[in-house]
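What follows is one structure encoded as structure tokens, with my remarks underneath.
Note that these values count all heavy atoms, side chains included, but never hydrogens, waters or copies made by symmetry.
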Amino acid sequence: MKCLAIADLFIDKQMMEEGLISLKELGIDITVKEWKHKDLEALQKDNIKLEYEGSEAIALPSELTDGLEDYDIIITQFAPIGKAVIDQCNNLKVLGVLRAGIENVNREYAKSKGITVLNTPGRSTTSVSEFAVGMILSEIRNIARANYKLRNGVWEKHYPNGVLAPELKGSTVGLIGYGAIGRRVAALLRPFGSEILFFDDYYQGDTPDTKVETLEELVKEADIISMHYRLTEQTKNMINKEHFSMMKNNAVLINTARSGLVNEQDLAEALSEKKIAGAAVDVYNVEPLPSDHPYNGLDNITITPHIAGSTIGNFANSPIILSERIIEALELTVH
């Protein structure tokens with residue numbers, strides 16, 4: 001069997017080769033090619049375009065499509081696999097995606113051709129959940145802005161949430177989305193003594209946390225609100241002006257998930273008008289964040305350049321996890 005693995009600036013050739021060693025040990029011939037970009041910002045721009053417009057929005061360059069007819073397995077992280085690519089593949093049995101989201105792959109078309117599509121759900125659970133908790137602490141305890149002030153010669157004790165900051169102990173944290181990341185955030189927060197509420201239309205199961213039936217109930221009760229839903233047409237702008245008007249004045253909003261879940265303009269207005277106390281955001285509609293974006297003019301928001309998932313463990317482990325899934329799928333078809 002032959003496998004084409006498409007590396008990029010996050011999962012490079014060496015990381016890909018090392019992560020797929022278990023496939024190689026089974027006798028699978030692995031070829032690693034690279035979807036090339038001049039820098040991470042250029043790659044992220046293409047990635048965002050694919051997330052919003054789907055797998056047909058960007059075509060693969062010819063150096064990646066040459067010889068596709070020979071491969072039984074294709075592995076990609078961000079590189080698009082649309083209809084044209086799938087039609088070129090005569091022997092393709094498995095299409096593997098090195099992340100949870102598969103917006104860059106035409107999954108339904110692949111399935112109609114009898115191709116098994118696998119992804120790596122949960123690969124970002126540790127990295128994003130830890131970052132979300134860090135953003136919560138940074139925002140409510142003014143860590144980032146205090147560092148900025150002091151480095152600029154200002155010994156400041158008073159911040160947008162007052163002289164005395166809130167604690168996680170005794171705070172009500174509302175999680176919007178209770179998948180793998182949301183549940184891990186809850187597990188990390190419980191030892192602090194937080195009360196955990198969550199809203200998730202799809203979660204079924206036992207939990208020590210409290211499920212609320214409506215989004216409105218959550219935003220009214222929570223002191224800290226953290227986004228962990230997937231972005232779909234139904235969840236786009238699921239937090240907007242209406243919800244900000246329901247939140248407590250001391251509430252803070254954390255978004256390490258997808259920018260489209262929160263209406264950016266409505267959030268900026270809510271912060272500017274002090275309808276809520278603060279926010280911490282890692283994802284944006286346009287990246288890199290434009291210099292004239294309204295977030296840049298606010299003193300009650302912590303902003304970071306889309307780095308929640310950027311850990312060695314997240315990217316290096318993805319080919320290893322996917323290899324295990326591919327082996328299982330191939331064993332099922334063989335036996």
Polar contact flag, side-chain donor to acceptor under 3.5 angstrom, Ser62-Thr65: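 No - no donor-acceptor pair under 3.5 Å links their side chains.
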
Less than 3.5 Å apart, any donor N or O on the side chain of Asn104 or Asn47 sitting next to an acceptor on the other? no

Qualifying residue, where the test is salt bridge (Lys or Arg N to Asp or Glu O under 4.0 Å) with Glu51 and the options are Arg230, Arg258, Lys45, Lys236: Arg258

Salt bridge (Lys or Arg N to Asp or Glu O under 4.0 Å) partner of Glu269, chosen from Lys274, Lys275, Lys241: Lys241

Cation-pi, Phe315 ring and Arg99 (6.0 angstrom, 45 degrees):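 Geometry flag: not set, cation outside 6.0 Å or 45°.
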
Lys NZ or Arg CZ of Lys211 over Phe198 ring: under 6.0 Å, within 45°: no

Would a distance-only check, ignoring hydrogens and angles, find a side-chain to backbone donor-acceptor pair under 3.5 Å from Asn300 to Leu271? yes

According to side chain to side chain donor-acceptor pair (under 3.5 Å), who are the partners of Ser171, at least two apart in sequence or on a separate chain?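 So Ser171 forms no side chain to side chain donor-acceptor pair (under 3.5 Å) with any residue.
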
Holding to side chain to side chain donor-acceptor pair (under 3.5 Å), I want the full list of residues that pass it with Thr76, two or more places apart in sequence or in another chain.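 In terms of side chain to side chain donor-acceptor pair (under 3.5 Å), with neighbours along the sequence ignored, Thr76 is linked to no residue.
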
Test applied, side chain to side chain contact (heavy atoms under 4.5 Å, CB included); reference residue, Met227; option that passes from Val283, Ile181, Thr256, Leu253: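 Checked Val283, Ile181, Thr256, Leu253 against Met227; only one passes side chain to side chain contact (heavy atoms under 4.5 Å, CB included): Leu253.
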
Distance (rounded to the nearest 0.5 Å) between Ile74 CD1 and Ile81 CD1: 5.0 Å

Single-linkage hydrophobic cluster, 4.5 Å side-chain cutoff, Tyr229 and Leu267 together: yes

